K.L.:
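First the structure, then my questions, so here it is.
Since we're looking at a predicted model, the values are computed, not measured.
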Amino acid sequence: MTSDRFYPSRPILAASVAVIRDGRILLAARGKPPSEGLYSLPGGMVETGESLGEAALRELREEVGVEAELIGLIAPVEFIERDEQGHIKHHVVIAAHAARWVSGEPQTGPEAKDIRWVTERDIADLPMTAGLAGVLEQAFRIAREDAGA
């Protein structure tokens with residue numbers, strides 16, 4: 001993890017993964033700030049020497065204990081948060097991926113305090129991180145295209 005995660009001198013690179021299993025995507029309620037308690041995709045910071053896909057799959061294993069196979073890259077999401085004085089508190093660029101579930105039953109932990117497998121209809125009622133609905137729409141589309149291949 002970078003030392004300048006809060007009030008960074010530059011954007012921080014992260015990766016996440018929308019794991020699809022039986023027409024549902026795995027979401028986890030964030031256990032830590034920022035956006036604590038909101039549903040999001042498992043993911044985290046990219047480590048030096050690690051590809052975006054490798055980071056997404058590592059974070060998935062570490063956060064919820066699930067293995068998956070990547071099937072597509074989703075458009076990046078930027079999370080920019082300012083403090084009360086207008087200074088940049090967070091600036092994270094997240095490379096979201098779509099993946100097929102391979103193995104493992106998801107477990108809660110310090111970074112994932114609740115876990116849900118959701119359908120496209122379920123997402124409208126969940127408190128989610130900014131931009132997640134669009135990412136999920138793209139992931140469901142990629143999964144449908146992958147299933148038709």
K.L.:
With sequence neighbours excluded, what pairs up with Ala68 under the side-chain contact (heavy atoms from CB on, under 4.5 Å) test?
P.N.:
Val19, Leu57, Leu60, Ala99
K.L.:
List for me each residue that meets side-chain hydrogen bond (donor to acceptor under 3.5 Å, both in side chains) alongside Thr108, sequence neighbours excluded, and say none if there are none.
P.N.:
none
K.L.:
Nearest 0.5 Å, what's the CZ-NE2 distance between Arg82 and His87?
P.N.:
9.5 Å
K.L.:
Once rounded to the nearest 0.5 Å, what's the spacing between atom CD1 of Ile20 and atom CD1 of Ile142?
P.N.:
7.5 Å
K.L.:
Which pairs, with at least one residue in residues 129-142 and sequence neighbours excluded, count as a side chain to side chain donor-acceptor pair (under 3.5 Å)?
P.N.:
Ser40-Thr129, Arg141-Glu145
K.L.:
Does any N or O in the side chain of Ser35 come within less than 3.5 Å of the main-chain N or O of Leu38, such that one atom is a donor and the other an acceptor?
P.N.:
no
K.L.:
What residues form a side-chain contact (heavy atoms from CB on, under 4.5 Å) with Pro110, not counting sequence neighbours?
P.N.:
Lys32
K.L.:
Using distance only, find each side-chain donor-acceptor pair of residues 69-81 under 3.5 Å and give its atom names and separation, not counting sequence neighbours.
P.N.:
| unit_1 | atom_1 | unit_2 | atom_2 | d |
| --- | --- | --- | --- | --- |
| Glu69 | OE1 | Arg100 | NH1 | 2.8 |
| Glu78 | OE2 | His91 | NE2 | 2.9 |
| Glu81 | OE1 | His90 | ND1 | 2.5 |

K.L.:
What heavy-atom pair brings Gly23 and Phe140 nearest, and what distance separates the two atoms?
P.N.:
O-CE2, 3.5 Å
K.L.:
Under the side-chain contact (heavy atoms from CB on, under 4.5 Å) test, which residues partner Leu13, sequence neighbours left out?
P.N.:
Val46, Leu52
K.L.:
What residues, two or more places apart in sequence or in another chain, satisfy side-chain hydrogen bond (donor to acceptor under 3.5 Å, both in side chains) together with Thr48?
P.N.:
none
K.L.:
Please name all residues satisfying side-chain hydrogen bond (donor to acceptor under 3.5 Å, both in side chains) with Arg58, sequence neighbours left out, ordered by chain then number.
P.N.:
Glu50, Glu62
K.L.:
Supply the atom-to-atom distance Leu132 CG to Leu126 CG, rounded to the nearest 0.5 angstrom.
P.N.:
9.0 Å
K.L.:
For Glu84, check side-chain hydrogen bond (donor to acceptor under 3.5 Å, both in side chains) against everything at least two apart and list the hits.
P.N.:
none
K.L.:
Sort and list the pairs that fulfil ring pair (Phe, Tyr, Trp, His ring centres under 6.0 Å) and have at least one residue in residues 36-65, not counting sequence neighbours.
P.N.:
none
K.L.:
If a pair satisfies salt bridge (Lys or Arg N to Asp or Glu O under 4.0 Å) and one of its residues is in residues 110-125, list it, with sequence neighbours excluded.
P.N.:
Arg24-Asp122, Asp114-Arg116, Glu120-Arg144
